[in-house]
Amino acid sequence: MSGFLYYLAAFALVLGILVVVHEFGHYLAARWAGVKVLRFSVGFGRPLWARRFGQDGTEWAIAAFPLGGYVKMLDEREGEVPAEELHRSFNRQSVLRRMVIVVAGPAANFLLAIVLYWGLFWNGTEEFKPLLGAPAVESAAASAGLEDGELVLKVAGESVQTWQEMRWLLLQRAVEQDQIELEVINPQHEIAVRRLDVLAVRQSGWEGEALDRLGLTLYRPRLPPVLGQVNANSAAADAGLRPGDEVLSIDATPIGSWADVVQHVRKSPGKAIHLEVLRDGVRVESTVTPAAVEERGRQIGRIGAAVAADGRLPAELMVTVSYGPLSALNKAVIETWDKSAFTLLMIGKMITGEVSWRNISGPVTIADYAGRSARLGVDYYLKFLALVSISLGVLNLLPIPILDGGHLLYYLVEIIKRGPVSERTMEIGQQIGLALLLMLMAFAFYNDINRLFSG
């Protein structure tokens, strides 16, 4: 339950920040345009908390249904407006001012992403190198000839420093290409070019561990199978295992590395396994029953013991990436632009059927990634926040009635026809927009549930 609450809190914080930033963009633009703001609400439905502040007595509220928010402005279409305040009504503003107010919400989301990326790039982040582990047999990576310990230098001719940069470039190139060239260097300092087939993953969708399905896994040094920390009241402690024990075999199968230990333990939840360990030069036998733990919809085994660390792992696998303040700002703007354009491209590809609709994620998947990124550290959590903020900004600019982009579409029509769109047309548009959003949410929830059951 504590894990569930942790993930829920991480998701709630992301959602709260994004809603406040988006609606605050609308609020500031409305104030700039001279429009009176009646209410600023985080969430929909009955207010759980409300207070009035400011010269206009704007009501600031937190409502019961948290998936969103709104800024309610003075508007003659929603109620009677006193004559002395007609000039402050939203519907009395010029079409350009109304467009500024509407676009300010998504713009605030893009600005938040730029600020977050800027701070991260300037401060510097420690990330995994694009160092490859041994590919799974018959995977695309194995077919391409990729080998254990190879470092990726370039993806489709572009240099990469980190695992995330490699993944991002693979994702971008895979939209248009069936095969992608990877330039790699092996531990013997020999450079080679491998052609990776990404067609299968492109068709099935990049959600979840897509790199795993290609056979691209992070390199893991062959650590000796020596126990380091043994948690109190764990299965390992109950079996009498101690720090410093070297695992020689499990169920009569010889053990060569810590990865072998993990593999045997994970596949044996609730099932007793027989260990032979070397302790102070003496062979000792022990029977341990791994605890059954749920991970991504399936049960795995854990004994509550960690490998003996030698301190060399971070230096071998990690790289620190940082930039000066101006370079960091430039990279932050480019990063936000690239991800916005790519998100829009992917939406278009899904509409035309070129990309799987399985890529759509709902609140369950977003909450999962929020919790996982928070556990990895502040840097990962802020990057996740920036990415979701970009997605929210792009989604709201789509020309769908109900969304900000739908209102912008109405205003463009108003400019062209030199008159406002009729109430009947807007009503029909709202119904169509609501139907489209409900369909999108249905796909998202279906994908979430499917991921939960499939692990």
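In this text the structure is predicted, and so the values were computed from the model without any measurement.
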Show which side-chain atoms of residues 9-31 pair as donor or acceptor with protein atoms under 3.5 Å away, not counting sequence neighbours.
from	atom 1	to	atom 2	distance (Å)
His22	ND1	Gly105	O	3.3
His22	ND1	Asn109	OD1	2.7
His22	NE2	His26	NE2	3.2
His22	NE2	Asp404	OD2	3.1
Glu23	OE1	Val71	N	3.4
His26	ND1	Ile101	O	2.8
His26	NE2	Asp404	OD2	3.4
Tyr27	OH	Arg31	NH1	2.9

Assess whether side-chain hydrogen bond (donor to acceptor under 3.5 Å, both in side chains) is satisfied between Ser340 and Thr343, documenting all intermediate values. CA-CA 5 Å; Ser340 301; Thr343 301; over 6 Å; no

Please step through side-chain hydrogen bond (donor to acceptor under 3.5 Å, both in side chains) for the pair Asp56 and Thr58, ending with a clear verdict. CA-CA 6 Å; Asp56 290 335; Thr58 301; 5.1 Å; no

May I ask you to check whether [X] and [Y] show a side-chain donor-acceptor distance below 3.5 Å?
X: Tyr70; Y: Arg39; result: yes
X: Glu127; Y: Thr125; result: yes
X: Trp168; Y: Gln172; result: yes
X: Arg98; Y: Gln93; result: no

Taking only Lys NZ, Arg NE, NH1 and NH2, and the carboxylate oxygens of Asp or Glu, determine whether Glu85 and Lys36 approach each other closer than 4.0 Å. yes

Test: Glu59 and Lys72 ion pair at under 4.0 Å: no

Checking side-chain hydrogen bond (donor to acceptor under 3.5 Å, both in side chains) for the pair Glu76/Asn91: CA distance, chi angles, key distance, verdict? CA-CA 7 Å; Glu76 289 178 276; Asn91 65 291; 2.8 Å; yes

Sorted by chain and number, sequence neighbours left out, side-chain hydrogen bond (donor to acceptor under 3.5 Å, both in side chains) with Thr320 holds for none

Determine whether more than 12 heavy atoms belonging to other residues, nucleotides or ligands lie under 6.0 Å from atom CH2 of Trp118. no

Could you note down all residue pairs passing ring-ring contact (aromatic ring centres under 6.0 Å, His included) where residues 386-441 supplies at least one of them, sequence neighbours left out? none

Side-chain touch Ile300/Val265, heavy atoms, less than 4.5 angstrom: no

